[in-house]
Engineer: 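Take a look at this one; I'll ask things after.
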Number of protein chains: 2
Amino acid sequence: MTSQKIIDNAIAVLNEDFYAPLDIIAGQAGVNRRTLHRHFKDRAALIDACWADMMQTWHRAMLAAYHSSTDPVVQLEQMLYAGIDCGVKYAFLNTLQTKYLNEKAGAVENEAYEQAKNNWFSLVPELQRQKLISDSLSVAWIRMLFVNMINTTIQALRSGDVAPNDIKKFAWYSFSRSIGLL
Amino acid sequence: MTSQKIIDNAIAVLNEDFYAPLDIIAGQAGVNRRTLHRHFKDRAALIDACWADMMQTWHRAMLAAYHSSTDPVVQLEQMLYAGIDCGVKYAFLNTLQTKYLNEKAGAVENEAYEQAKNNWFSLVPELQRQKLISDSLSVAWIRMLFVNMINTTIQALRSGDVAPNDIKKFAWYSFSRSIGLL
DNA sequence: TAAAAATGTCTCATGTGTGTGACATTTGTC
DNA sequence: GACAAATGTCACACACATGAGACATTTTTA
């Protein structure tokens with residue numbers, strides 16, 4: 001559908017430059033700017049749509065990873081890979097969260113986010129209880145390590161300085177050790 | 001000096017929003033927008049000045065940390081702390097590097113940056129040679145871990161979710177382990 | 001104190017992103 | 001083919017950031 005095509009390209013473009021003019025987004029999506037406005041009332045509406053879209057992608061990937069095993073370590077590993085696979089979309093999600101979402105009320109569309117987040121947050125204390133990872137690190141800190149490891153991976157992929165084949169291996173190696181695993 | 005005052009405030013403001021209007025920057029610095037233009041020809045000139053300023057700060061901090069010890073592990077630890085202390089300025093540097101610096105030729109003012117970078121890059125192979133850190137990780141990857149650990153730390157500080165007292169400790173613990181140290 | 005420099009205030013022209021209206025054109029559907 | 005929906009094209013008004021000119025005011029300096 002056209003709306004989806006616009007959203008996909010908007011995410012790609014806005015991820016590079018959050019303030020890119022709508023011309024660029026429309027052009028990238030192969031539609032007229034006027035058409036873009038027919039699908040999305042204004043810039044804010046488009047960004048909201050992008051946000052919702054990303055939420056869905058992210059949420060599904062996390063849920064699938066979470067249910068791929070009962071071993072919390074494997075769950076965590078799979079969730080990291082899922083995050084990496086979300087790639088560009090995830091990076092944009094982060095941008096939004098820091099600079100755009102502040103202005104919005106913690107509204108409806110955060111529900112899915114919260115759910116995935118809660119799954120994640122139940123995992124870490126469990127790992128700490130089992131003494132598999134460090135219990136001197138706070139959960140909030142570990143959450144940030146997780147998110148930023150994904151960012152690091154995406155950056156590494158984009159920069160071309162790190163061999164793509166190595167990246168996931170590196171990411172899990174570095175992340176798991178950074179939280180005290182093994 | 002007025003120029004420096006404007007630069008400092010510009011860094012602070014642009015770090016929050018890279019596209020903030022000059023009004024805001026001038027206002028934050030307590031000067032008129034017209035005055036800002038008398039010190040800096042245009043927006044690009046101001047940003048260049050910010051860049052140069054940050055380079056200086058960053059370079060000095062890195063150099064001091066590097067020379068604080070002859071033990072490469074201690075050097076690395078001190079450089080991480082130095083990066084964290086650069087704080088806000090460093091975060092802006094990162095923003096610039098990805099989205100703004102692309103448009104510039106790898107020009108003159110990168111010299112200082114390169115020098116500090118080279119110090120850093122000599123450190124990592126040395127640590128690998130001494131088998132203190134993992135030699136399966138590439139230097140480029142470790143560089144990214146380093147940079148992103150600083151970002152993570154700054155985020156953590158800003159979010160308020162992690163106790164400020166713990167942060168440096170957490171950062172070194174997580175970073176050192178993520179590169180295979182210990 | 002007097003001259004010079006820096007800054008503030010007001011104004012203006014310019015460029016650009018934005019959102020919308022009117023109408024032609026294309027595409028899809030029956 | 002005929003109709004309807006979606007899209008393209010052109011045009012317009014609006015808001016806003018920008019950079020600069022003219023001149024008053026303040027601050028520095030000799």
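Every chain is numbered from 1, with letters handed out A, B, ... down the list of sequences. On a predicted model such as this, the values are computed, not experimentally measured, just so you know.
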Engineer: Quick one: list whatever passes side-chain hydrogen bond (donor to acceptor under 3.5 Å, both in side chains) with Thr153(B), sequence neighbours left out.
Structural biologist: none
Engineer: Write out all pairs satisfying ring pair (Phe, Tyr, Trp, His ring centres under 6.0 Å) with one or both partners inside residues 22-50 of chain B, taking only residues at least two apart or from two chains.
Structural biologist: none
Engineer: Report yes if a side-chain nitrogen or oxygen of Asn32(B) is closer than 4.0 Å to either non-bridging phosphate oxygen (OP1 or OP2) of dT7(C); otherwise report no.
Structural biologist: no
Engineer: Return the value, rounded to whole Å, for the distance between atom CG of Asp42(A) and atom P of dC14(D).
Structural biologist: 19 Å
Engineer: Is there side-chain contact between Gln130(B) and Pro72(B), with at least one heavy-atom pair below 4.5 Å?
Structural biologist: yes
Engineer: What's the closest nucleotide to the side chain of Arg33(B) if the choices are dT20(C), dG8(C), dT18(D)?
Structural biologist: dT18(D)
Engineer: For Phe146(A), check ring pair (Phe, Tyr, Trp, His ring centres under 6.0 Å) against everything at least two apart and list the hits.
Structural biologist: Trp120(A), Phe175(A)
Engineer: Could I get the full list of side-chain hydrogen bond (donor to acceptor under 3.5 Å, both in side chains) partners for Thr35(B), not counting sequence neighbours?
Structural biologist: none
Engineer: Could you check which residues of residues 20-30 of chain A get a heavy atom under 4.0 Å from DNA chain C? Sort them by number, please.
Structural biologist: Pro21(A), Leu22(A)
Engineer: In this structure, how many angstroms lie between the C1' atom of dG17(C) and the CD1 atom of Ile47(A), rounded?
Structural biologist: 14 Å
Engineer: Output yes when at least one side-chain N/O atom of Thr35(A) is less than 4.0 Å from OP1 or OP2 of dA6(D), else no.
Structural biologist: no
Engineer: Applying salt bridge (Lys or Arg N to Asp or Glu O under 4.0 Å), name anything that partners Arg33(B), two or more places apart in sequence or on another chain.
Structural biologist: Asp23(B)
Engineer: Side-chain N or O of His37(B) versus OP1/OP2 of dA20(D): is the shortest distance under 4.0 Å?
Structural biologist: no
Engineer: Just jot down the side-chain hydrogen bond (donor to acceptor under 3.5 Å, both in side chains) partners of Lys169(A), sequence neighbours excluded, or say none.
Structural biologist: none
Engineer: Hey, does the side-chain of Arg43(A) have a donor or acceptor N/O within less than 3.5 Å of a partner on the base of dG19(C)?
Structural biologist: no
Engineer: Angle, rounded to 10°, between the helical axes spanning five pairs at each terminus of the helix from dT1(C)-dA30(D) to dC30(C)-dG1(D)?
Structural biologist: 30°
Engineer: Reading nucleotides 25-30 of chain D from the 5' end, what letters show protein touch, with B for base, S for backbone sugar-phosphate only, - for no heavy atom under 4.0 Å?
Structural biologist: ------
Engineer: Just wondering, do Arg143(B) and Asp161(A) contact through their side chains at under 4.5 Å, heavy atoms?
Structural biologist: no
Engineer: Taking Asn151(B)'s backbone N and O only, do any of them form a donor-acceptor pair with Asn148(B)'s side chain (distance below 3.5 Å, no angle check)?
Structural biologist: no
Engineer: Pairs in or reaching into residues 65-84 of chain A: which pass salt bridge (Lys or Arg N to Asp or Glu O under 4.0 Å), with residues at least two apart or in two chains?
Structural biologist: none
Engineer: How would nucleotides 21-30 of chain C be written as a contact map, 5' to 3', with B for base contact, S for sugar-phosphate-only contact and - for no contact, using protein heavy atoms under 4.0 Å?
Structural biologist: BB--------
Engineer: With sequence neighbours left out, write down each residue that passes side-chain hydrogen bond (donor to acceptor under 3.5 Å, both in side chains) with Gln28(B), or none if nothing qualifies.
Structural biologist: none
Engineer: For dA6(D), does either OP1 or OP2 sit under 4.0 Å from a side-chain N or O belonging to His39(A)?
Structural biologist: no
Engineer: Spell out, as yes or no, whether a donor-acceptor pair under 3.5 Å connects the side chain of His67(B) to the backbone of Leu63(B).
Structural biologist: yes
Engineer: Whole-Å distance between dT18(C) C1' and Tyr19(A) OH?
Structural biologist: 16 Å
Engineer: Is there side-chain contact between Trp51(B) and Met55(B), with heavy atoms separated by less than 4.5 Å?
Structural biologist: yes
Engineer: Without decimals, in angstroms, what is the distance between Phe40(B) CZ and dA20(D) C1'?
Structural biologist: 18 Å
Engineer: Atom CG of Leu36(A) to atom P of dA6(D): distance rounded to whole Å?
Structural biologist: 16 Å
Engineer: Ignoring hydrogens and geometry, is there a side-chain-to-backbone donor-acceptor pair from Gln128(A) to Ser134(A) under 3.5 Å?
Structural biologist: yes
